[in-house]
Q: 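So that we are looking at the same thing, I have put the structure below in structure tokens.
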Amino acid sequence: MTTEIIRLTTPSHIFHNRLLMIRLFNTLSGKVEGFESLIPGEIRIYTCGPTVYDFPHIGNMRAYVFEDLLKRFLRFMNYRVTHVMNITDVDDKTIRGANAQRVSLHDYTQQFIDAFFEDIRILNILPADFYPRATEHIPEMVKIIKALLEKGYAYERAGSVYFSIDKFPKYGRLSKIDLQERKIGARVDVDEYEKESVHDFALWKNHKEGEPFWETEIGKGRPGWHIECSAMSAKYLGQPFDIHCGGVDNIFPHHENEIAQSEASSGKKFVNYWLHCHHLVVDGEKMSKSLGNFFTLQDLLQKKIDAPTLRFLLLSTHYRKMLNFTLDAVEQSRAALQRLKDFVYELENRPFQEGAGADVDKLIEEARKNFIEGLSDDLNISTALAAIFELVRKANILLGQDKLAAGDARTLLGLIHDFDAVLGVLRSDKEPDLSPEIQKKIEERENARREKKYALADKIRKELLDMGILLEDTKEGVRWKITKK
Ligand SMILES: [Zn+2]
């Protein structure tokens, strides 16, 4: 039995400066912009998920950790976030892999889907609200392709359907490609291609021997890669929605094509803010299996690099900068995290006296302000981390002088847990791990409370209690305790 308490949400954190605006770099405009959600207090996010043809590598994980940081920060700022991440379980690569192993596409992809969920659990990435799979959304894709055909944005050749980029004048705006280079009328069937070869791209691919297929109104075949994100984002988030994330690799052609499909078919704007995470390199070089510097999360865990250290490392470089993964960087992350853990340990275990102590309010206000201002500035993680470590440094001096009272320790601990609601690095392997099912229930209850549906909130609270999770509503937000194992 354990009574570990973790603070989940902290309404009181929207400190004195309610006018503080979150600013984000929008790839579409090429500028840092003030962020405004379409619906006040609510944010809808779509992030491109894994293509499940192989185990995810740490470059993929970097993007997922960045998206998790963004999502946790927006929640910390009291937004209700709805997050959709797709799973690409049919495309050129998955089909090739399944055929090579002589197993069904479903069996082939399932092993990598399981591995993906295990990895994000280990890295303490909050689950998305929806994980739609491409193979389960073929009718939705066909509907968009039909609309594109009817409106003249798409055409059929030899049983396949292509998007005509000349018909969509905005094509190229996101990636700033040079459309002069294109060969008019040239087409491409492959799912991924380089900027240098701008082409009409496949929305639907005619059936080929040895490939999975669906019988549909637009013929027998299978979707191109890009159409799934247009179809599934519209289904779960509507159009337009607030934020679309991915890696810089996704900008062209994938996201460019998503915009073309969604906006041409619906006549509406697709997405307001596009955020892209930069590459991860290992010792300054691009990861590749042939160079022997290609790592999955499991590879690194086997090298005795623990998950919180990895998570800290992955989020501590600003998302728009190249992240250089080196053993030195691992050691630095480990040391920084240890400093934070030692601080928490001291606050939790020293026999502090009740009564008047040092005045830590000013320290706390300053740290909170700098942390929030840093992350509000296009997720400036360096500023946010500096705020935390400056607080640790100053509080450690007070600790060394025995100047802290029990109340101070509690307040400091509360603040560190608030910060960790965003960073997600303090959970050690020994600490309890809430299953995605329980996390989701806690979130549902929070939402019910926010919407003043108290009967529903109470019902979920009881269900959680039966599962051994006791929720406590405090002034600072909701905390949970495990009451039984
Ligand atoms: Zn996508």
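Atoms within a ligand are numbered from 1 in the order they appear, just like the ligands themselves. Computed from heavy atoms alone, side chains included, the values below leave out hydrogens, waters and symmetry copies.
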Q: Checking D249 against H279 for the side-chain contact (heavy atoms from CB on, under 4.5 Å) test, could you report, in this order, the C-alpha distance in whole Å, the side-chain angles of both residues, the deciding distance, and whether it holds?
A: CA-CA 8 Å; D249 281 351; H279 292 290; 2.9 Å; yes
Q: Not counting sequence neighbours, which residues clear side-chain hydrogen bond (donor to acceptor under 3.5 Å, both in side chains) with Y79? List them please.
A: none
Q: Do the ring centers of H226 and F201 come within less than 6.0 Å of each other?
A: yes
Q: Can a cation-pi geometry be assigned to R187 and Y162, taking NZ or CZ under 6.0 Å from the six-membered ring centre and within 45° of the ring axis?
A: yes
Q: Pull up every protein N/O/S atom sitting under 2.8 Å from the Zn ion (ligand 1), skipping waters.
A: C48 SG, C229 SG, H254 NE2, E258 OE2
Q: Hey, is NZ on K151 packed in by over 12 heavy atoms from elsewhere, all under 6.0 Å?
A: yes
Q: Relative to each other, are the rings of W274 and H276 parallel, tilted or perpendicular (30° and 60° limits)?
A: parallel
